[in-house]
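The chains referred to below are lettered A, B, ... by the order of the sequence lines, with proteins before strands, and numbering in each begins at 1.
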2 protein chains.
Amino acid sequence: MAVTIRDVARRAHVSVATVSRALTSPELVRPETRSRVLAAATELGYQPNRAARGLITGKTGNIGIVVPDLDNPFFTGVLKAVQARAVQADYAVFVADSDEDPVTEAKLVHAMAKQVDGVVLCAPGLEDAQIHEVAGATSLVLLNRRLPGVPAALMDSAGGMHAVVDHLVALGHHRIAYLNGPRTSWSNQERRRGLMKAVAKHGVDLADLGPFAPRYEGGLQAADLAVAAGTTAIVAYNDIMALGVLARLRDRGISVPGDVSVTGFDDLTYASLCSPALTTVAMPVAQAGRTAVNLLLDWLDSDHSEAPQIVAETQLIVRGTTAPPRE
Amino acid sequence: MAVTIRDVARRAHVSVATVSRALTSPELVRPETRSRVLAAATELGYQPNRAARGLITGKTGNIGIVVPDLDNPFFTGVLKAVQARAVQADYAVFVADSDEDPVTEAKLVHAMAKQVDGVVLCAPGLEDAQIHEVAGATSLVLLNRRLPGVPAALMDSAGGMHAVVDHLVALGHHRIAYLNGPRTSWSNQERRRGLMKAVAKHGVDLADLGPFAPRYEGGLQAADLAVAAGTTAIVAYNDIMALGVLARLRDRGISVPGDVSVTGFDDLTYASLCSPALTTVAMPVAQAGRTAVNLLLDWLDSDHSEAPQIVAETQLIVRGTTAPPRE
DNA sequence: CTTCGCGGCGAAAACGTTTACGGCAAGTTC
DNA sequence: GAACTTGCCGTAAACGTTTTCGCCGCGAAG
């Protein structure tokens with residue numbers, strides 16, 4: 001059915017070995033025969049069978065990516081970048097969705113392990129030990145999770161959150177509410193860490209609320225608690241929660257940013273589309289995705305002596321939901 | 001390094017053939033030896049090498065999906081469903097992003113062809129002939145594109161658009177603007193087809209505007225044209241354009257739905273989050289993704305005699321941006 | 001007692017590559 | 001002119017499976 005290396009060999013009047021050499025290490029064959037082989041290959045539309053090649057070389061030419069939720073624009077943003085960088089490097093990419101479940105997460109990377117040269121694991125919910133365990137099955141690069149000994153592409157959420165507080169304090173806010181996401185989430189811990197540092201530095205009052213579900217409904221629920229706490233600024237764990245907060249405040253007739261300021265996190269597209277547009281911090285998802293596959297590729301032909309962790313800068317995007325407090 | 005079928009054979013004191021049989025066609029070995037093999041396999045943590053298996057069986061156990069844009073929630077919605085259905089059927093999925101470019105589209109499915117058993121091609125920009133051509137390289141299922149001879153999972157956009165017009169007419173609108181997306185896009189043609197049918201049926205006035213870029217900016221641009229045309233209802237090609245329209249109308253002090261009604265298409269998450277919430281039509285993306293995989297799987301072990309085209313129903317979601325016209 | 005059938009299993013070929021090894025001619029060095 | 005190198009290429013082994021073929025032993029049938 002398909003055209004194999006043998007067909008090319010016959011047509012070019014050489015052996016299969018020569019065909020293989022002409023394609024993978026051109027300097028090993030005489031230019032004349034090489035061009036004869038290349039011609040035969042293109043005429044027949046020959047494409048090497050990667051599975052067969054992988055069987056002998058041990059490399060598959062594939063990488064995998066497992067994300068917690070393909071409906072989350074944050075992860076599809078990194079997926080898009082990962083895919084783009086991968087094809088650039090002539091790799092194909094497997095994708096898997098763990099549905100936020102740590103055990104399927106582990107199962108998925110194990111299943112991928114024999115078919116890929118490595119996998120980038122996005123914001124895993126796994127325990128540290130379990131991550132080390134799956135790292136034994138294949139080469140691993142983490143994204144948005146730091147773990148000694150395994151390479152990681154990170155984003156400076158802590159710094160972004162620090163910038164949020166700086167911004168709020170500069171506007172004159174003294175009493176701030178933070179709406180926690182899931183306590184166990186590394187992202188929430190990082191964001192909270194940056195927040196705490198800035199809060200301590202500026203000596204502002206903090207209402208540390210939650211945890212809440214990192215969703216629209218979580219924001220609805222959290223908004224009332226935040227106003228009850230008498231704060232003038234609400235810092236949400238992420239954009240979706242912030243949108244919930246905005247909706248709830250509007251329903252209660254509380255004006256934003258007049259009565260209270262609100263910030264999100266992630267800079268999803270709709271953050272800029274609602275009105276007032278949401279002040280938030282942009283995550284360098286594309287950049288992180290690219291560096292994740294760069295790290296993976298480097299890792300694959302290195303001595304594994306060091307496991308670099310590269311952190312990309314976040315950026316505060318000031319829009320319409322933050323302003324100086326009243327009076 | 002990895003544990004192979006030979007290791008299992010040794011440990012179970014049988015031949016490799018028996019191990020293979022015990023795992024793939026259990027009825028061919030005596031229960032006693034089968035359990036001995038299974039025990040050895042799990043003790044060693046053996047997982048068959050799919051590449052090697054594929055080499056001989058001709059099946060890879062993989063499917064591919066190529067989408068025009070991984071940043072588009074519409075496509076990631078179908079991707080999520082495709083992935084879920086695929087793992088259910090014990091398939092792994094390759095993903096590729098064509099960046100809306102027909103030639104990379106074709107290139108990508110060709111590149112995938114030898115590594116997958118089939119691919120689902122989402123809303124391709126390719127010409128009909130070119131689609132037939134790539135269909136020669138591997139088994140193909142289309143999503144949101146109809147083409148005789150190749151199986152397809154479709155969504156009834158035309159019906160959805162018809163429902164939109166019915167809704168608007170029922171509210172009392174007589175003069176409607178349609179904001180076209182890209183003329184060559186199959187989706188736009190379908191949506192316009194449904195619109196035209198309903199317009200003819202109800203005998204309403206139509207301002208057929210555009211084409212516009214199917215983006216926020218396209219909506220900004222289109223809004224002014226629509227009001228200049230003196231229409232009382234604006235039907236946008238999709239949600240993102242509709243959001244642009246809403247923003248532009250708000251800037252100009254034109255009230256929605258007081259002065260003019262607006263509808264979107266796709267029901268992206270933020271359609272329900274902005275205010276007023278957008279009246280739109282929900283696309284059954286998950287369902288379409290699932291049936292696409294089902295079609296592919298069926299196609300793989302059938303005689304290819306018929307190429308079914310399954311269309312899933314859309315649903316009009318009436319929210320806050322539509323109301324009876326003034327006076 | 002032969003023959004046949006059959007369940008269970010092993011030996012080996014096959015899938016499409018890459019690569020170690022060796023051969024052969026031509027050139028280089030003494 | 002013998003002995004080495006060197007460049008180019010073919011032969012064959014190997015990768016980890018599945019599957020065809022055939023062998024062996026055993027019970028049933030003649």
In whole angstrom, give the distance that lies between atom [atom1] of [X] and atom [atom2] of [N].
| X | N | atom1 | atom2 | answer |
| --- | --- | --- | --- | --- |
| R6(A) | dC15(C) | CZ | P | 7 Å |
| E32(A) | dG7(D) | CD | C1' | 14 Å |
| K59(B) | dT18(D) | NZ | P | 15 Å |
| E27(A) | dT6(D) | CD | C1' | 15 Å |
| D7(B) | dT17(D) | CG | P | 9 Å |
| N49(B) | dT17(C) | CG | P | 16 Å |
| I56(A) | dG16(D) | CD1 | P | 10 Å |
| L55(B) | dT18(C) | CG | C1' | 13 Å |

### Task
Map V16(A) and R30(A) onto DNA chain D by nearest heavy atom, then report which one ends up closer to the 5' terminus.
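Mapping each residue to its closest nucleotide by heavy atoms, the 5'-most match is R30(A).
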### Summary
Nearest-nucleotide check on DNA chain D, S25(B) vs A52(B); residue mapping nearer the 5' end is A52(B)
Closest to the [X] side chain: [options]?
| X | options | answer |
| --- | --- | --- |
| V14(A) | dT18(D), dG16(D), dG10(D) | dG10(D) |
| R21(B) | dG16(D), dC21(D), dT11(D) | dC21(D) |
| Y46(B) | dT17(C), dT17(D), dT19(D) | dT17(D) |
| I5(B) | dT17(C), dT17(D), dA12(D) | dT17(D) |
| S15(A) | dG10(D), dC9(C), dG16(C) | dG10(D) |
| A17(A) | dT19(C), dT17(D), dG16(C) | dT19(C) |

Taking OP1 and OP2 of [N], is either one under 4.0 Å from a side-chain nitrogen or oxygen of [X]?
| X | N | result |
| --- | --- | --- |
| R53(A) | dT18(C) | yes |
| T57(A) | dC15(D) | no |
| T18(B) | dG8(C) | no |
| S20(A) | dT19(C) | no |

Does [X] pair with [Y] as a salt bridge, N-O distance under 4.0 Å?
| X | Y | answer |
| --- | --- | --- |
| D128(B) | R146(B) | no |
| K80(A) | D97(B) | yes |
| K107(B) | D101(B) | no |

Do [X] and [Y] meet the criterion of a side-chain donor-acceptor pair at a distance under 3.5 Å?
| X | Y | value |
| --- | --- | --- |
| R290(A) | Q287(A) | no |
| Q115(A) | N49(B) | no |
| N144(B) | E190(B) | no |

### Query
Is a donor-acceptor contact shorter than 3.5 angstrom present between the side chain of R50(B) and the base of dG16(D)?
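There is none.
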